[in-house]
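By convention in this document, chain letters (A, B, ...) are assigned in the order of the sequence lines, proteins followed by strands, and residues within each chain are numbered from 1.
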Amino acid sequence: MEYNFKEIEERQRQNLQKNNIYKVTEDKNKPKFYVLDMFPYPSGAGLHVGHPLGYIASDIYARYKRLKGYNVLHPMGFDAFGLPAEQYAVQTGQHPAVTTEINIKRYKEQLSKIGFSYDWSREIRTSDPKYYKWTQYVFLKMFHHWFNNKTQKAEPVETLIKEFEKNGNTKVDAACGDIPRFEAAVWNGMDEAEKDDVLMNYRLAYRSKTKVNWCPALGTVLANDEVKDGLSERGGHPVVQKDMMQWQLRVTAYAKRLLDGLDTLEWSDSLKEMQRNWIGRSEGAEMYFDIKDKDEKMLVFTTRPDTVFGATFMVLAPESELVDKITTAEKSEEVDEYVERAKNRTERERMADAENITGVFTGAYAINPFNGKEIPVWVADYVLAGYGTGAIMAVPAHDSRDYAFAKHFGIEIIPVVEGGNIEEASYDAKSGKMINSDFLNGLEVKDAVEKMINEIESRGLGKRKVNYRLRDAIFSRQRYWGEPFPIYYKDGRAIPLSEDELPLTLPDIDDYKPTESGEPPLGRAKNWLYKGKYKYELSTMPGFAGSSAYYLRYMDPHNDKALVSKEANEYWQDVDLYIGGTEHAVGHLIYSRFWNKFLFDLGYTVKAEPFKKLVNQGMIQGRSNFVYRIKNSNTYVSYNLRKKYDVTEIHVDVNIVHNDILDIEAFKKWRPENADAEFILEEDGKYRCGYAVEKMSKSKFNVVNPDDIIEQYGADTLRLYEMFLGPLEQSKPWDTNGIEGVFRFLNKFWRLFFDNEGNINLSDEEPTKEEQKIIHTLIKKVGEDIERFSFNTTVAAYMVCANDLAKIKCNKKEVLENFLIVLSPFAPHITEELWQLTGHKDSVINAKFPEFKEEYLKEDSIKYPVAFNGKTRFTVDLPADIKKEEIEKAVLEDERTKSRLEGKEIRKIIIVPGRMINIVI
RNA sequence: GCCCGGAUGGCGGAAUUGGUAGACGCGCAGGACUUAAAAUCCUGUGCCCGGUAACGGGCGUGCCGGUUCGAUGCCGGCUCCGGGUACCA
């Protein structure tokens with residue numbers, strides 16, 4: 001019987017669906033295991049062969065865990081809100097809900113063919129009101145909570161109000177905006193609107209002014225990377241920095257917990273490092289500098305207070321309010337001009353160009369509080385308003401950027417730590433002895449920092465400070481296709497809906513562009529008013545809103561009373577394995593950790609961290625092929641002959657090229673202008689193409705669709721081949737040509753079960769020692785490799801096993817059934833089919849992963865490599881259990897050793913029992 | 001600029017903790033079966049030199065150096081490629 005993958009896969013797809021085999025419940029008799037994929041945005045282009053890589057890996061792991069006796073939650077859903085659907089709507093007028101629905105349908109079709117073990121009954125879509133009700137719900141909860149620094153927890157705003165009534169904010173230590181101290185009497189004397197304004201400074205979801213890239217022509221806000229040289233990327237319209245009232249989430253409140261939590265996670269070190277850098281904790285001090293002849297002070301944050309005697313200039317960010325206040329009359333024109341220019345550059349632009357050193361002297365001087373020295377104050381755009389205090393003391397001798405600035409403008413450089421050479425470069429290292437620093441002289445940097453901070457505090461100049469680079473998340477988007485805010489406005493005050501009024505559903509509109517007056521698209525919604533009277537918030541939530549708590553919803557996706565029930569959450573707890581791409585390393589993975597910590601504070605989740613283990617799959621790159629057309633002709637010259645001509649390199653569809661040999665007939669049909677193309681072939685009569693590894697994209701004609709692969713080889717082959725390509729976490733090019741290898745393997749595996757007449761033919765005889773050794777080697781290897789996500793070597797192990805068993809014509813039922821079970825996570829269809837053909841009624845999914853028995857792998861003898869001076873020359877077979885001395889004796893008696901030693905003296909013999917022998921001569 | 005990865009045959013890759021470099025697969029070459037082809041099976045295949053051959057020798061994991069009896073894996077210094085990014089004081 002032939003391996004008819006089409007029939008088999010179709011039959012088993014239906015069989016498994018029909019029997020609801022992938023459905024999971026909270027089965028308390030089994031340990032739980034939660035395997036999650038980063039859910040996809042359903043784009044109009046459909047899946048290409050790179051998308052399922054992570055899904056296949058997680059599916060293999062999920063199936064493996066099931067075989068190991070776990071109750072595995074392995075759901076899938078869609079991150080269905082997003083910009084592409086909206087842009088398509090702007091162009092075509094089609095409702096994003098309609099196109100999104102079509103795209104999801106296509107995604108599901110494609111996914112279902114690959115044979116994933118998803119429990120589709122748990123599917124979620126972020127754009128479904130039944131789902132986003134809970135996104136809005138969490139937003140409201142954040143609105144109604146503040147963060148108490150003392151308890152390091154979110155607490156209800158009511159408790160804060162009670163405290164205000166009693167003591168004002170004098171005793172409150174909260175994560176909050178810049179708000180002055182007030183007494184209870186002041187609070188109690190405020191009207192509702194004033195109280196609202198105060199509370200906004202404390203809420204975890206709050207409204208405040210932020211700078212945005214505003215494009216008047218497009219009537220919308222742009223992301224940093226949509227702005228190039230002050231112009232919008234789309235259309236090239238001018239972009240200005242504008243203050244806008246925006247909703248924000250007070251992520252910074254959780255900075256410490258987000259940082260500390262990383263230590264508990266099984267994530268890659270590089271990913272944790274990225275998160276640490278993003279959170280950016282730095283220890284130092286905040287200190288005030290008086291301004292000469294002005295009644296102003298300048299507050300700076302520095303991690304190197306020890307270097308204050310080397311501060312030779314100060315820098316203010318162009319946005320700093322202090323700039324206007326201290327700039328002298330004669331400098332004001334120059335400064336204004338500089339500030340104006342800097343303001344209209346995006347933050348990213350300012351940082352991208354590090355070569356251009358710019359800045360202007362304000363004419364003002366700060367006074368060094370430790371030696372009374374006057375220090376010139378500059379304005380420069382390498383200092384950012386959003387970080388620290390927006391002002392620095394510059395120590396060019398010990399900071400490379402300050403150094404470059406000082407060199408450029410000819411500012412004095414005073415070394416205060418021994419070890420560098422200021423003629424050549426700054427000395428940034430945090431070690432060495434202090435010099436030129438009065439009372440710090442002679443101290444090590446570390447000690448000097450401590451002493452200086454104590455000094456700053458005791459002299460009342462400032463205080464010790466831990467600074468975070470993390471910023472609050474801007475939560476408003478001037479878009480249509482997102483979650484509406486459950487907020488309406490009454491007399492200019494933002495009023496939340498009550499929870500029982502959720503969800504606030506997205507209204508239909510007839511055009512998806514911003515309004516003429518520059519309002520977001522929701523401004524077009526007719527009669528969209530709270531109780532027919534009050535205007536709703538017109539912006540919508542960003543992409544990360546819906547993806548921040550989705551993992552919780554899968555635990556209990558149809559619950560209309562809660563985001564997740566206590567029972568379900570207590571059973572499933574957290575995600576044991578999360579697989580996805582590195583592009584979400586800091587965005588999604590910071591925000592979802594933040595949401596989870598907030599929900600944890602409220603008692604809605606039992607785990608402080610949502611994703612215990614995380615694996616980043618690498619990117620699958622495209623492998624493009626090229627043909628070479630001789631210029632001004634319709635003649636194509638083969639790769640190895642191209643240098644003899646003046647040619648143009650042209651991308652050719654990889655689907656009509658096999659092992660870099662062009663299918664000339666297919667090429668002629670590919671495009672009309674190719675019909676009468678001529679070819680200069682190589683000696684073997686073939687047209688050879690060039691190749692390159694690049695991003696997989698339509699324009700490069702290197703996109704490979706999984707549907708086509710499945711059509712030609714089947715889903716099991718696709719799954720195996722995706723894994724066989726290389727290490728999961730590494731980026732690698734897709735090249736369909738190698739796929740024959742795994743396809744042949746599956747054919748070989750299939751044939752093991754049949755005799756020459758095509759009948760199932762398995763023997764109940766006891767397996768031989770050799771057979772047991774072959775299969776137990778595999779059982780051991782598969783278990784170990786899957787546990788360490790080394791799926792490419794697992795596939796190689798399957799191949800070795802099939803080759804070995806075929807060689808000895810093994811048809812023992814026990815052996816082949818074990819093979820079948822350990823292969824099933826990778827190739828679910830073929831194994832399910834054979835499982836049934838061998839007489840089983842239940843699915844192989846519910847089988848037990850065979851236990852590996854060490855006794856079958858025991859070797860009587862070991863093949864020792866014998867090396868001379870580290871170079872292996874030959875091998876000797878020696879009994880496995882002999883001692884070092886016996887090994888040495890045996891090796892020295894070997895003829896081959898003797899012939900090598902002729903006339904030479906042995907200086908040393910290294911013997912590692914069980915491993916190797918090295919003779920040094 | 002900074003941070004994080006990576007570089008091994010013609011190609012994808014293996015070598016799990018410093019112990020036989022190149023598993024497995026593709027491709028290629030040769031052979032068996034066949035009227036022929038497909039499929040399947042068998043053999044060979046890192047590079048160079050010598051030999052009809054068995055075999056022998058040298059080189060070899062991006063480059064330069066180091067540690068070690070022994071380095072693809074460790075240390076120092078580079079080059080190139082990929083990804084991320086925020087001039088973060």
Original post:
If you measure only the distance, is there a donor-acceptor pair under 3.5 Å linking the side chains of A:K695 and A:N702?
Top reply: no
**OP:** For atom CD of A:E787, decide whether the heavy atoms of other residues, nucleotides or ligands shown that lie under 6.0 angstrom number more than 12.
**Re:** yes
Original post:
Rounding to the closest angstrom, what is the interatomic distance between B:G30 and B:G83 at atom C1'?
Top reply: 45 Å
**OP:** Check the distance between B:C88's P and A:L470's CG and give it to me in whole angstrom.
**Re:** 16 Å
Subject >> Separation of the C1' atoms in B:G9 and B:C47, to the nearest angstrom >> reply: 9 Å
**OP:** Determine the interatomic distance between C1' on B:G76 and the same-named atom on B:A71; round to the nearest Å.
**Re:** 15 Å
Original post:
Looking at A:N869, does any N or O in its side chain come under 4.0 Å of the phosphate oxygens OP1/OP2 on B:G70?
Top reply: no
**OP:** Take the protein atom CD1 of A:I357 and the nucleotide atom C1' of B:G1, then report the distance between them rounded to whole Å.
**Re:** 12 Å
**OP:** Could you check whether A:R276 gets within reach of a base, just the sugar-phosphate, or nothing at all, counting any heavy atom under 4.0 Å?
**Re:** nothing
Original post:
How long is the gap from OG1 on A:T303 to CZ on A:R281, to the nearest 0.5 Å?
Top reply: 12.5 Å
Original post:
Would you say B:C41 has OP1 or OP2 under 4.0 Å from some side-chain N or O of A:R751?
Top reply: yes
**OP:** Consider the side chain of A:S270, meaning its heavy atoms from C-beta on, and name the nucleotide among B:G12, B:C4, B:U85 that approaches it most closely.
**Re:** B:C4
Subject >> Chi class for B:G84: syn within 90° of 0, otherwise anti >> reply: anti
Original post:
Side chains of A:D785 and A:S790: do they bring a donor and an acceptor to under 3.5 Å?
Top reply: no
Original post:
Want to settle it: does A:K695 or A:E784 sit nearer the 5' end of RNA chain B, counting the closest nucleotide to each?
Top reply: A:E784
**OP:** Just compare B:A89, B:U85, B:G19 and give me whichever is closest to any side-chain atom of A:R401.
**Re:** B:A89
Original post:
Which of the following nucleotides, B:G70, B:U40, B:C59, is nearest to the side chain of A:K871?
Top reply: B:C59
Original post:
Between the side chains of A:D402 and A:Y382, is a donor N or O closer than 3.5 angstrom to an acceptor N or O?
Top reply: yes
Original post:
CZ of A:R788 versus P of B:A14: gap in Å, rounded?
Top reply: 9 Å
Identify the pairs formed between an N or O of the protein and an N or O of nucleotides 72-80 of chain B at a distance under 3.5 Å, and give each distance.
none

Original post:
Of all the nucleotides listed (B:A89, B:C69, B:G13), which has the minimum atom distance to the side chain of A:T302?
Top reply: B:A89
**OP:** Considering only atom P, compute the distance from B:U16 to B:G31 and round it to an integer number of Å.
**Re:** 39 Å
Subject >> A:K748/A:N803 under side-chain hydrogen bond (donor to acceptor under 3.5 Å, both in side chains): CA gap, chis, key distance, verdict >> reply: CA-CA 8 Å; A:K748 191 178 253 185; A:N803 289 343; 2.6 Å; yes
Subject >> Side-chain donor-acceptor contact under 3.5 Å, A:T875 with A:Y864 >> reply: no
Original post:
For the rings on A:F5 and A:W750, is their centre-to-centre separation under 6.0 Å?
Top reply: no
**OP:** Give one of base, sugar-phosphate or nothing for A:L725, where a contact means two heavy atoms less than 4.0 Å apart.
**Re:** sugar-phosphate
Subject >> Interatomic distance, A:I590 CD1 vs B:U85 P [rounded to whole Å] >> reply: 13 Å
Original post:
Under 4.0 angstrom, heavy atoms only, what part of the nucleic acid is A:S400 near: base, sugar-phosphate, or nothing?
Top reply: nothing
Original post:
If we take the P atom in both B:G60 and B:A54, what is their distance in whole Å?
Top reply: 25 Å
Original post:
Does the side chain of A:K908 get closer than 4.0 angstrom to OP1 or OP2 of B:C69 through an N or O atom?
Top reply: yes
Original post:
Any idea which of B:C88, B:C3, B:G19 is nearest the A:N277 side chain?
Top reply: B:C3
**OP:** Round to a whole Å and report the spacing from CD1 of A:I808 to C1' of B:C42.
**Re:** 18 Å
Subject >> Rounded distance (Å) that lies between atom C1' of B:A39 and atom CG of A:L746 >> reply: 16 Å
**OP:** Map every base of RNA chain B to its dot-bracket character, where paired means a Watson-Crick or G-U wobble contact with both distances under 3.5 Å and | marks a partner outside the strand.
**Re:** (((((((..(((......[....)))((((((.......))))))(((((....)))))..(((((..]....))))))))))))....
**OP:** Could you measure between the two C1' atoms, the one in B:U17 and the one in B:G1, and give it in whole Å?
**Re:** 37 Å
**OP:** Report yes if a side-chain nitrogen or oxygen of A:S282 is closer than 4.0 Å to either non-bridging phosphate oxygen (OP1 or OP2) of B:A89; otherwise report no.
**Re:** yes
Original post:
So do A:M723 and A:L53 actually touch side chain to side chain, heavy atoms under 4.5 Å?
Top reply: yes
Original post:
Hey, is B:G73 sitting syn or anti, using the within-90° cutoff around 0?
Top reply: syn
Identify the pairs formed between an N or O of the protein and an N or O of nucleotides 24-28 of chain B at a distance under 3.5 Å, and give each distance.
{"residue": "B:G25", "atom": "OP1", "partner": "A:N803", "partner atom": "ND2", "Å": "3.1"}
{"residue": "B:C26", "atom": "OP1", "partner": "A:R744", "partner atom": "NH1", "Å": "2.4"}

Original post:
Taking the same atom, C1', in B:A23 and in B:U8, what whole-Å distance lies between them?
Top reply: 13 Å
Original post:
Taking only side-chain nitrogens and oxygens of A:R896, does any of them come within less than 4.0 Å of OP1 or OP2 of B:C55?
Top reply: no
Subject >> Rounded distance in Å - CD1 (A:I279) to C1' (B:U85) >> reply: 15 Å
**OP:** Name the residue closer to the 5' end of RNA chain B, choosing between A:M393 and A:N918 according to the nucleotide with the nearest heavy atom.
**Re:** A:N918
**OP:** Tell me what A:R915 touches on the nucleic acid: a base, only sugar-phosphate, or nothing, going by heavy atoms under 4.0 Å.
**Re:** sugar-phosphate
Original post:
Less than 6.0 Å separating the ring centroids of A:F791 and A:F724?
Top reply: no
Original post:
Of all the nucleotides listed (B:G12, B:U20, B:C69), which has the minimum atom distance to the side chain of A:T875?
Top reply: B:U20
Original post:
Is the closest side-chain heavy-atom distance between A:I709 and A:I739 below 4.5 Å?
Top reply: yes
**OP:** Using a 4.0 Å heavy-atom cut-off across all strands, classify A:K781 as base, sugar-phosphate, or nothing.
**Re:** base
**OP:** Provide, to the nearest angstrom, the distance between the NZ atom belonging to A:K272 and the C1' atom belonging to B:G84.
**Re:** 19 Å
Original post:
Hey, is A:E784 close enough to A:K780 for a salt bridge, meaning N to O under 4.0 Å?
Top reply: yes
**OP:** With P as the reference atom in both, quote the distance from B:C33 to B:G19 in angstrom, rounded to an integer.
**Re:** 47 Å
**OP:** Could you tell me if the ring centre of A:Y639 sits under 6.0 Å from that of A:Y691?
**Re:** no
Subject >> Electrostatic pair A:R623-A:D660, nearest N-O below 4.0 angstrom >> reply: yes
Original post:
Picking from B:G19, B:C11, B:U20, which would you name as closest to the side chain of A:K863?
Top reply: B:U20
Original post:
Between the side chains of A:N616 and A:T582, is a donor N or O closer than 3.5 angstrom to an acceptor N or O?
Top reply: no
